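This report concerns only the one structure given below.
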Amino acid sequence: MLDIKLIRENPDLVRNNLERRKKPKFLNMLDQVIAVDEQWRQLKSEEDLLRQKRNELTTSIKQLKKDGKSDQIPTVIAEAKKIPDQIKELEKKREQTKKHRDALLLQIPNLLHESVPYGEDDEGNVTVETWGEQPSFHFEPLSHVDLVESLQLADIERAAKTSGARFYFLQDDLVSLELAIIQHAQHLLRKRGYRLIIPPTLVKGFVMEGGGFLPTYRDDVYKIEDEDLFLVGTSEAPLVGMHADEILYEDDFPLRYAGFSTCFRTEAGAHGKDTKGIFRTHHFEKIEQISLTSPDQSWKEHEYLFETAELFWQSLKIPYRKVNICTGDLGIVASKKFDLEGWYPSQETYRELVSTSNCTDYQTRRLKIRYREKDGMPTQIAHSLNSTLIAIERGLTCILENYQQEDGSVKVPDVLQKYTDFSEIIGQKKKKKE
RNA sequence: GCCGAGGUGGCCCAGCCUGGCACGGCGCGAGACUGGAAAUCUCGUGAGACUUCGGUCUCACAGGAGUUCAAAUCUCCUCCUCGGCGCCA
């Protein structure tokens with residue numbers, strides 16, 4: 001959520017920034033917010049004046065009592081009696097207006113960092129750098145979908161029976177690999193100064209709203225019936241919400257958390273996309289980084305989070321590229337976003353594995369996450385950042401493709417082997433024969 | 001789940017019975033004093049609207065509803081914390 005004061009005092013700055021997205025609806029929203037806010041302030045002034053009058057009468061009653069002029073009191077009370085109803089009416093109107101204003105305000109996207117490139121969709125993203133060498137195969141590499149199936153690493157069909165499309169029973173060696181990844185990841189994260197967290201995967205509406213997931217992305221999340229609870233699409237939600245309404249100390253910054261949780265997504269807008277395998281599913285496990293810090297440190301921290309992700313993927317020796325996400329692909333929350341896209345040999349293309357966002361004060365304003373230098377100093381709004389470390393099931397697909405071998409087996413990445421008791425995945429069929 | 005005690009500014013706390021502009025301390029800021037500092041003293045310390053930038057006003061006592069001219073204070077509902085008992089993977 002943007003600062004209403006900024007909009008009031010510097011509407012052109014906000015307008016110019018929103019214009020870069022080239023979406024007229026946002027400019028309309030801005031104009032509406034300004035108009036409704038004007039109304040709100042008008043009502044607020046009227047109401048304040050009425051309250052002032054009431055307070056004056058109330059005080060005069062007290063004074064009359066003190067002066068022993070009780071005979072005059074009934075007249076004043078009669079006058080004062082008219083006011084509460086008027087206040088109530090104005091209050092109601094003002095609250096409605098405020099609700100209206102805030103509802104609009106919630107839909108206005110964050111201000112873009114100056115370095116965000118313009119683009120209509122992901123085609124407009126700009127590659128910043130590439131890392132690693134794409135593996136060359138002397139055979140036609142299989143897709144992760146085929147590998148999962150041929151090695152029987154997940155049972156998609158039975159998952160369809162119990163749960164529907166886009167679910168999976170992860171099995172055997174792939175489960176071991178997942179657990180190995182978690183082990184491997186936690187060591188890196190600890191070393192890099194993150195606290196490890198397993199957060200709640202159900203959160204209240206205000207947390208989703210504060211995180212910017214609601215109302216704009218309402219269709220993408222699951223809600224618990226009859227309760228004010230949502231299944232999280234990422235542990236970013238509870239991890240940022242964790243410090244809602246708190247005042248932190250600058251000395252504790254950056255506050256880095258690594259969350260491990262299951263994530264739930266409706267994938268409403270993705271019909272027909274990546275329907276097979278475990279690449280895009282309704283639930284998956286993810287290790288997420290989040291960080292809270294001060295405004296003057298957050299851009300440095302943005303690089304730090306991305307660097308953590310890079311170190312992780314480099315340790316797995318996955319070729320990747322770093323991409324600066326363009327306006328059309330950025331979403332409303334991030335001010336700037338880098339993606340790390342991993343190489344998929346079967347598709348001969350890079351695909352998203354990691355998103356690293358600086359959300360600046362967009363989430364923290366709404367969630368009232370503030371900080372101060374030390375006790376007694378004034379409070380400021382913190383900045384929040386988040387980054388994937390690995391969405392495990394998707395990460396597995398990338399590993400499978402890059403580590404596949406001619407005989408159809410898959411080598412286990414070196415750094416994971418100390419956590420698995422095998423160095424290659426050969427599948428159940430072959431195992432039985434042996 | 002039951003019983004009891006609580007929730008007041010960044011923190012600690014008074015006020016609640018008996019309704020009338022939220023007491024005091026810590027911390028922090030400004031000023032005075034000083035060669036400089038400590039100590040001391042004075043003033044200030046949250047959110048919002050308006051402002052001729054001097055100020056003016058409103059709100060804020062866990063949240064909501066009610067009673068009242070007037071609610072931190074009285075009534076009702078909800079949430080949370082702590083303690084005791086019960087239940088439980």
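To find a chain, count down the sequence lines: A is the first, B the second, and so on, and within it residues start at 1. Worth saying up front: this structure is predicted, and the values here are computed from it rather than measured.
- Taking the P atoms as reference points, rC13(B) lies 9 Å from rG7(B), given to the whole Å.
- A gap of 45 Å separates the P atoms of rG31(B) and rA70(B), to the nearest Å.
- Distance check on atom C1': rA60(B) versus rG1(B) gives 36 Å, rounded to whole Å.
- Note: E352(A) CD to C398(A) SG = 12.0 Å, rounded to the nearest 0.5 Å.
- Listed nucleotides: rC69(B), rG10(B), rU58(B). Nearest to the side chain of K65(A): rC69(B).
- Nucleotides rU51(B) and rA65(B) have their C1' atoms positioned 36 Å apart, rounded to a whole Å.
- Put simply, the side chain of T388(A) never gets that close to the backbone of A391(A): no donor and acceptor are under 3.5 Å apart.
- Among the atoms of the strands shown, none is found under 4.0 Å from any heavy atom of L57(A).
- Checked by atom type, the side-chain pair Q52(A)/D48(A) shows no donor-acceptor distance below 3.5 Å.
- N55(A) places its CG atom 14 Å from the C1' atom of rA60(B), with the value rounded to the nearest Å.
- Separating the P atom of rG63(B) from that of rA72(B) is a span of 11 Å, rounded to the nearest Å.
- Atom name P, nucleotides rA22(B) and rC57(B): the rounded distance is 14 Å, in whole Å.
- With rG29(B), rC57(B), rA70(B) as the choices, the nucleotide that has an atom nearest any side-chain atom of M377(A) turns out to be rG29(B).
- Across all strands shown, rC74(B) forms a Watson-Crick or G-U wobble pair with rG66(B), both key distances being under 3.5 Å.
- Remark: C1' of rC57(B) and CD of Q42(A) are 15 Å apart, rounded to the nearest angstrom.
- With both ends at atom C1', the span from rC21(B) to rU56(B) equals 15 Å, rounded to whole Å.
- Between R41(A) and rC50(B) there is a side-chain polar atom (N or O) within less than 4.0 angstrom of OP1 or OP2.
- Taking atom P on both nucleotides, rC26(B) is separated from rC17(B) by 29 Å, rounded to a whole Å.
- Residue K5(A) places at least one side-chain N or O closer than 4.0 Å to OP1 or OP2 of rG48(B).
- Going from atom OH of Y371(A) over to atom CE of M377(A) covers 10.5 Å, rounded to the nearest 0.5 Å.
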